[in-house]
Novice: 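Below you'll find the structure I mean.
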Number of protein chains: 2
Amino acid sequence: MEERDVELIVQSMNRLGLRITDQRKTIAQLFANATGFLSAKEVFLGMVDKYDGISFDTIYRNLRLLKELGVIEQFQIEDSYKYRVACFGHQHHHHHMICLSCNRVIPLESCPMDNFQAPDQFRIVKHRFEIYGYCDNCQQQGMGEDAETISA
Amino acid sequence: MEERDVELIVQSMNRLGLRITDQRKTIAQLFANATGFLSAKEVFLGMVDKYDGISFDTIYRNLRLLKELGVIEQFQIEDSYKYRVACFGHQHHHHHMICLSCNRVIPLESCPMDNFQAPDQFRIVKHRFEIYGYCDNCQQQGMGEDAETISA
DNA sequence: CTACAGATAGTAATTATTACGATGTGAAAG
DNA sequence: CTTTCACATCGTAATAATTACTATCTGTAG
């Protein structure tokens, strides 16, 4: 991403009533420059150079706030939380395909609930649907050739 | 569940090459008697009376082993891991509806991947699909009446 | 009965996350 | 440009969940 994208993130922070601190600008930069996901730890590591005594409180509080306000999205990948800039242009309900090699996220337009009828008078409140595999690029670089489809 | 179900679990442990220790018998009992899920902590609490110096190692090692061997299934509910006896009679690939009130698990026969075509030459390795809501029983007891459908 | 690989106890270490009082600061108002 | 103060951060501690490891114990094959 480019400088313009940092501005977009900072602007949305501002619009949502958050103060624009130096630390938050840096968080915006980190997410704008990230190719894939960032874990809390990675955000910390990206900040600790510039703010050498930075508090975990600052990291976790901002990640939580930005998630709640919809600026970033939280994913659960391989048993741990990771974050990325929310899919702009996909504000409506959608799902994702996630590349196990490069962590690229491909938004999906279709939702399995569109043509699903719950049995047993079950009242559906929410659902979770994610696809994992290897994207076109990574396959061409030989990734995932040997990977078997896991039925789970 | 009944005594017979404890035996089934113990037998499958045995068949899979695990030694039948007292502790493992007790774990089998806990899962056989559980109405819903058990967290690692709950398993610990269920064992600590009988084995007062029981090690976390024992709990976590056995949960991991039993999960890997397919005796129990691991779910992620409300940001934490919980376990239950695997769906016997549903050894093939399937998904679940999970009641947010009583934690009842309803196996689903249909899989969203059955009629799904991945775009972008994405090579699908695995997927995750879970439905959360309120089961028939809990709705009749007034649970989930006010719950709104969450698009996420 | 014996031997031993595997299991457990007891404890420590690691990791992730949350909490909180003191201090600092963005930005709104004057 | 100052003042002000709610919000943000720092520094540190606490909590929680999980993993690690060694000495000891035990299920079970032979």
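Every chain is numbered from 1, with letters handed out A, B, ... down the list of sequences. Computed over heavy atoms, backbone and side chain alike; hydrogens, waters and symmetry mates excluded.
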Novice: Quick one, give me the B/S/- string for nucleotides 22-30 of chain C, reading 5' to 3', where B means a protein heavy atom under 4.0 Å from the base and S means that only happens at the primed atoms, P, OP1 or OP2.
Specialist: ---BBS---
Novice: More than 12 foreign heavy atoms under 6.0 Å from CG of A/Asp52: is that the case here?
Specialist: no
Novice: Return the value, rounded to whole Å, for the distance between atom NZ of B/Lys41 and atom C1' of D/dT19.
Specialist: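 One finds 18 Å between C1' of D/dT19 and NZ of B/Lys41, rounded.
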Novice: Roughly, in whole Å, what's the span from CZ in A/Phe44 to P in D/dT12?
Specialist: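 Value for this atom pair: 13 Å.
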Novice: Restricting to side-chain contact (heavy atoms from CB on, under 4.5 Å), what partner residues turn up for B/Ile131, sequence neighbours left out?
Specialist: A/Met113, A/Phe116, A/Phe122, A/Ile124, A/His127, B/Met97, B/Leu108, B/Phe129
Novice: Base, sugar-phosphate alone, or nothing: which one does B/Arg61 contact when heavy atoms must sit under 4.0 Å apart?
Specialist: base
Novice: At their closest point, which heavy atom of B/His94 faces which heavy atom of B/Pro107, and how far apart are they?
Specialist: CD2-CB, 4.0 Å
Novice: Is the ring pair A/Phe56/A/Tyr60 parallel, tilted or perpendicular, if the boundaries are 30 and 60 degrees?
Specialist: tilted
Novice: Looking at every non-hydrogen atom in both residues, tell me the closest pair between B/Ser110 and B/His95 and how far apart they are.
Specialist: O-CD2, 4.1 Å
Novice: Checking contacts here: which listed nucleotide (D/dT9, D/dA17, C/dT8) is nearest the side-chain heavy atoms of B/Tyr60?
Specialist: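 Nearest nucleotide to the side chain: D/dA17.
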Novice: Looking only at the side chain of A/Asp57 (C-beta and beyond, no hydrogens), which of the listed nucleotides C/dC20, C/dA16, D/dT18 gets closest?
Specialist: C/dC20
Novice: Ignoring the backbone of B/Asn62, work out which of C/dT17, D/dT19, C/dT8 is nearest its side chain.
Specialist: C/dT8
Novice: Kindly indicate whether a cation-pi arrangement holds for A/Lys126 with B/Tyr132, taking the cut-offs as under 6.0 Å to the six-membered ring centre and within 45° of the axis.
Specialist: yes
Novice: May I have the distance from A/Leu45 (atom CG) to C/dA16 (atom P), rounded to whole angstrom?
Specialist: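 Answer to the nearest Å: 10 Å.
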Novice: Write down the distance between OH (B/Tyr83) and C1' (D/dA17), rounded to a whole number of angstrom.
Specialist: 11 Å
Novice: Could you pull out the closest heavy-atom pair between A/Gln139 and B/Arg123, with the gap in Å?
Specialist: NE2-N, 3.2 Å
Novice: How bent is the helix from C/dC1-D/dG30 to C/dG30-D/dC1, comparing axes over its five end pairs at each side, to the nearest 10°?
Specialist: 30°
Novice: What is the distance, rounded to the nearest whole Å, between atom CE of B/Met13 and atom C1' of C/dG6?
Specialist: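 To the nearest whole Å, that distance equals 15 Å.
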Novice: On DNA chain C, compare the nucleotides closest to A/Ala40 and B/Leu65; which residue's is nearer the 5' end?
Specialist: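 Its nearest nucleotide being more 5', the pick is B/Leu65.
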Novice: Could you name each residue pair satisfying salt bridge (Lys or Arg N to Asp or Glu O under 4.0 Å) that touches residues 129-144 of chain B, not counting sequence neighbours?
Specialist: B/Arg128-B/Glu130
Novice: Taking B/Leu66 as the fixed residue, which of B/Ile9, B/Val71, B/Val85, B/Leu16 is the one that meets the side-chain contact (heavy atoms from CB on, under 4.5 Å) rule?
Specialist: B/Val71
Novice: Does a side chain donor of either A/Tyr51 or A/Thr26 reach within less than 3.5 Å of an acceptor in the other side chain?
Specialist: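 Yes, A/Thr26 and A/Tyr51 have a side-chain donor paired with an acceptor closer than 3.5 Å.
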Novice: Is the distance from OP1 or OP2 of D/dC10 to the nearest side-chain N or O of A/Thr58 less than 4.0 Å?
Specialist: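 So the side-chain polar atoms of A/Thr58 do come within 4.0 Å of the phosphate oxygens OP1 or OP2 of D/dC10, strictly under.
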Novice: Give a yes/no on whether any side-chain N or O of B/Gln23 is located under 4.0 angstrom from OP1 or OP2 of D/dT26.
Specialist: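 Negative; the distance criterion is not met.
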Novice: Please state how far atom NZ in A/Lys82 lies from atom P in C/dA16, giving the value in whole angstrom units.
Specialist: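 Between P of C/dA16 and NZ of A/Lys82: 11 Å.
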Novice: To the nearest Å, how far apart are A/Ile59 CD1 and C/dT15 P?
Specialist: 18 Å
Novice: Find the distance A/Tyr81:OH to C/dT15:C1' and express it as a whole number of Å.
Specialist: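 Value for this atom pair: 15 Å.
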Novice: Does anything in residues 49-56 of chain B reach DNA chain D, meaning a heavy atom under 4.0 Å, and if so which residues?
Specialist: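 B/Phe56, in order of number.
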Novice: List in chain and number order the residues that pass side chain to side chain donor-acceptor pair (under 3.5 Å) with B/Ser39, two or more places apart in sequence or in another chain; answer none if no residue qualifies.
Specialist: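 B/Ser39 satisfies side chain to side chain donor-acceptor pair (under 3.5 Å) with B/Glu42 once adjacent residues are dropped.
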Novice: Distance only, no hydrogens: is a donor on one side chain within 3.5 Å (strictly under) of an acceptor on the other, for B/Tyr83 and B/Gln74?
Specialist: yes
